[in-house]
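As a basis for the values below, the full set of heavy atoms in this structure was taken, side chains included, without hydrogen atoms, waters or symmetry mates.
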Amino acid sequence: MDTQNTEKIPWVEKYRPKFTKDMAFPTAKVGRQKVDLIEDLRKFVISFFKEKEKINEVNRQIRAHNRTHEEKEHQDEKKLPLDKAAVLLEGPPGIGKTTIAYALANDLNMDVIETNASDTRTKGALEAKLRETTKSRGIMDFVVQSKKKLILIDEIDGLYGVTDKGAVPTILSLIENTQFPVIMCSNEYKTSLKSLYSKIKKYEVNSLPDDEVMKITRKIIVKEHISGISEKELELIIGKNKGDLRGVINDLQGISQGSLNKNNKELILNLNRDSKEEIFSLIKNLFQNVNTLKEARNVTNKSDVDYNFLYKWVNENLTSYIRLNSEIANAYENLSLADEIFGRIRKNQYWSLLPYFYDLFAGGVVLSRKHRTHDEYFHRISFPRFTSTGFFSLSANERLVVEKIQKKYKVSDIEVVQDFIPFLKLLSGTSRKQLKELSDWFEFDANEKKLLK
Amino acid sequence: MFTESPIWRIKYLPKTLNEICGRSDIKERLMEFIKDKNFPHLLFVGSKGIGKTIIADLFSKEFLGRFYDANSKVTYANVPLTKEEMKQARSEAYVSTSKIGSIAGKKITTPPFIRIKIKPFIQLKVLGDVPFKILIVKDFDSLGSNQQAFRRLMEIYGTNCRMILITTKVSKIIDPILSRCQVFFISQVDFLSFEELISTIAEKEALKIDKETISTLYRITAGKLSNAIDLLQICSISGNDIDVDKLYENLSNSKNDMVKSLLIMCFKGDFRKARELSRKIQSSYKFSSQEMFQIMLTEVARLPFSTYSRITLINFIAEADFRAIDGRDTDIQVSHLLAKICQFSEVM
């Protein structure tokens with residue numbers, strides 16, 4: 001009975017370390033400095049309670065003072081600085097960010113209050129769940145010394161704009177008033193959380209090194225009496241998961257449990273959890289490894305990258321892989337036709353043309369190359385920096401300059417930019433005296449003068 | 001305190017209609033309008049930078065006299081509406097039921113440009129002792145199909161407001177508009193007036209310039225006064241004597257020359273550098289690809305190519321321009337053109 005039960009638990013949960021000493025040792029950095037993550041967090045939690053106690057003591061006095069004094073002599077209550085009340089762990093999935101919080105709590109004999117992406121995290125819901133924590137002590141605390149708590153806000157990058165509305169300000173105010181330390185976890189940088197990032201300490205947790213993963217995997221293999229996994233297969237699993245320990249354990253369980261025939265085993269081994277290829281590797285793959293149309297189609301079909309962008313990347317990086325002018329011309333012949341087709345698709349909704357677009361911008365470009373350059377493996381993939389919007393627009397700074405010029409000289413925006421400013425640049429480039437005279441007359445400030453250089 | 005502009009082209013801008021260089025026939029006609037205190041809608045046609053706007057502006061200034069500020073407006077048809085203006089346009093797009101007293105709200109289908117920039121001005125009453133207001137619309141051709149909206153406006157509000165439409169391409173103006181306007185073709189300044197003006201400037205700025213240099217100046221700037229004066233000022237910095245060599249030396253930075261050097265770079269066969277340069281040109285002058293192609297077209301005609309290669313190049317440019325109309329990313333089309341020219345240079 002007991003064995004049946006444990007078999008049903010995913011191994012990930014079964015082997016989740018209870019204490020920090022059992023963990024695979026994660027490394028992290030703050031800014032650019034390497035730190036000992038576990039030790040740092042422990043210090044953070046302990047010092048939090050110390051400081052909080054001090055502040056609570058001070059606040060108690062202030063409140064007593066406020067009670068006996070008139071309103072204008074009231075003092076504000078003190079608050080703990082945000083960076084001492086909360087930390088953020090950021091890193092790829094499966095490396096133990098959540099685990100470390102639980103293990104730490106166990107080490108220090110604390111409870112964990114967790115909220116994760118499966119909860120609705122609107123302002124109201126968050127407040128309801130965490131309200132208790134912002135009060136200094138419950139009534140029962142006078143009778144029994146209750147366990148201290150650790151607040152874990154997991155998967156914070158899973159906060160969604162509409163459904164989790166108002167979550168970020170709530171979290172911020174929670175951190176401000178909290179009586180317990182807060183640990184937040186996230187997978188990636190998100191701009192919507194910017195206001196959070198600037199105020200608290202951020203640990204960038206590195207993915208686990210392969211030998212660390214190997215050590216733990218071997219422990220599990222011994223404990224579960226697994227046989228029939230060769231050393232090579234083990235390496236394959238670990239290699240493809242790229243430091244994601246959770247992934248490794250899941251794969252291991254998948255392979256060793258039940259009766260799998262050889263084909264299924266291969267399937268798991270070859271299945272790439274990270275199916276979405278990054279655009280960089282995709283472009284590299286496209287130019288370096290593709291030799292047939294079929295391969296080119298494979299690459300574009302597999303990717304989740306928005307095709308709106310993909311063909312612009314092809315445009316930007318084409319020249320580092322294709323060198324001969326005749327081949328460049330052929331490649332561009334296809335790429336420009338693809339662009340035209342894409343424009344017509346978008347304009348007139350001719351979606352039946354889409355297959356041509358794909359073939360032309362991927363296969364059509366790559367396969368116009370007959371000769372490979374020998375140094376193609378060393379090229380950096382560059383971002384499509386140049387965007388031509390097709391119509392006239394000015395940046396805010398340019399707009400200011402143009403408006404100042406138009407005060408003195410009435411011509412249209414386009415004439416100012418295309419005709420007049422180039423002339424001013426020439427003129428002010430000849431001598432400092434000219435520049436000063438010009439900018440005095442147009443009343444340019446130092447910032448706007450820069451545009452003339 | 002009023003100080004004189006350090007920039008000659010502003011310093012020597014004509015201040016009255018009479019001061020305008022050349023074009024005596026046009027000036028005469030406009031003077032008659034002023035004398036009669038009446039004129040029909042006008043359409044000014046002429047190439048870029050030739051002085052259409054300044055003629056229209058000075059004419060309306062003299063026509064309206066001291067009521068000029070209240071009764072005239074200049075709009076640019078090719079400048080897109082700002083965000084606030086678009087917002088305003090949207091908010092006015094529906095008339096609520098309470099206003100018109102019917103059950104359903106009424107949707108107004110006038111184009112936003114007309115509704116925001118034109119109508120409020122032409123519907124207002126004339127202020128002061130003048131027969132009507134004057135509206136100047138620049139780059140009228142870029143309105144495209146919105147020109148249709150002007151047909152009725154010109155008739156309904158014609159008594160209240162006369163329009164001066166300015167365009168570079170008469171072929172893009174629809175016939176109904178043409179039939180409602182008196183068309184003025186504004187040509188290049190004739191050489192005699194050009195010479196006269198340049199000589200007076202030279203005299204005032206203490207420059208030495210001979211007749212031959214002036215005629216070169218006239219040729220290379222294609223009679224565009226503002227460019228000619230600019231060139232003159234740049235030349236004057238390195239000394240008061242101006243000769244032909246100096247003109248050519250300082251010419252090399254104009255936008256046409258940048259495009260020319262782009263073409264030459266393509267003919268050297270270095271595609272990467274050519275693309276780098278073309279992007280630089282496009283971003284510093286804020287050219288659309290279409291403008292680039294236009295300038296390339298004129299430069300191809302000027303460069304010393306054989307007839308065959310000229311036609312081939314024009315074919316390339318035409319194809320790129322054609323594809324850029326439907327395409328989404330004009331940079332690809334420009335790159336395509338450059339790549340083709342690079343390839344062609346190897347074959348030649």
Between [options], who has the most heavy-atom pairs with chain A when the cutoff is under 4.5 Å?
options: Ile237(B), Asp270(B), Ile234(B); value: Ile237(B)
options: Gln233(B), Glu319(B), Gln290(B); value: Gln233(B)
options: Ala324(B), Ser345(B), Gly327(B), Ser226(B); value: Gly327(B)
options: Lys138(B), Arg323(B), Gln343(B); value: Arg323(B)

Practice item. Could you tell me whether Glu316(A) and Lys312(A) make a salt bridge, using a distance below 4.0 angstrom between a side-chain N and a carboxylate O? Key: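 No.
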Going by distance alone, is a donor N or O of one side chain under 3.5 Å from an acceptor N or O of the other, for [X] and [Y]?
X: Asn289(A); Y: Glu295(A); answer: no
X: Tyr12(B); Y: Glu205(B); answer: yes
X: Lys172(B); Y: Thr167(B); answer: no

Which atoms of [X] are under 4.5 Å from chain A, going by heavy atoms: the side chain, the backbone, both sets, or neither?
X: Leu338(B); answer: neither
X: Ser335(B); answer: both
X: Asn227(B); answer: side chain
X: Glu291(B); answer: side chain
X: Ile7(B); answer: side chain

Point to revise | Neighbour count above 12 (heavy atom, 6.0 Å) for Tyr68(B) OH | key: yes
Review point. Is it the side chain or the backbone of Phe420(A) that comes within 4.5 Å of chain B heavy atoms, both, or neither?
Key: both
Point to revise | Interchain contact, Leu424(A) with chain B, by part (heavy-atom threshold 4.5 Å) | key: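 When you check distances to chain B, only side chain atoms of Leu424(A) fall under 4.5 Å.
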**Study point:** Within the 6.0 Å centroid threshold, strictly below: Phe271(B) and Tyr332(A)
**Key:**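 Centroid separation for Phe271(B) and Tyr332(A): below 6.0 Å.
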Point to revise | Ring centers of Phe357(A), Tyr311(A) separated by less than 6.0 Å | key: yes
Revision key, fill the gap. In terms of heavy-atom pairs under 4.5 Å with chain B, the winner among Arg346(A), Glu437(A), Lys408(A) is Arg346(A)
Check your understanding: With side chains defined as the heavy atoms from C-beta onward, is the minimum distance between Leu135(B) and Leu165(B) less than 4.5 Å?
Key -> no
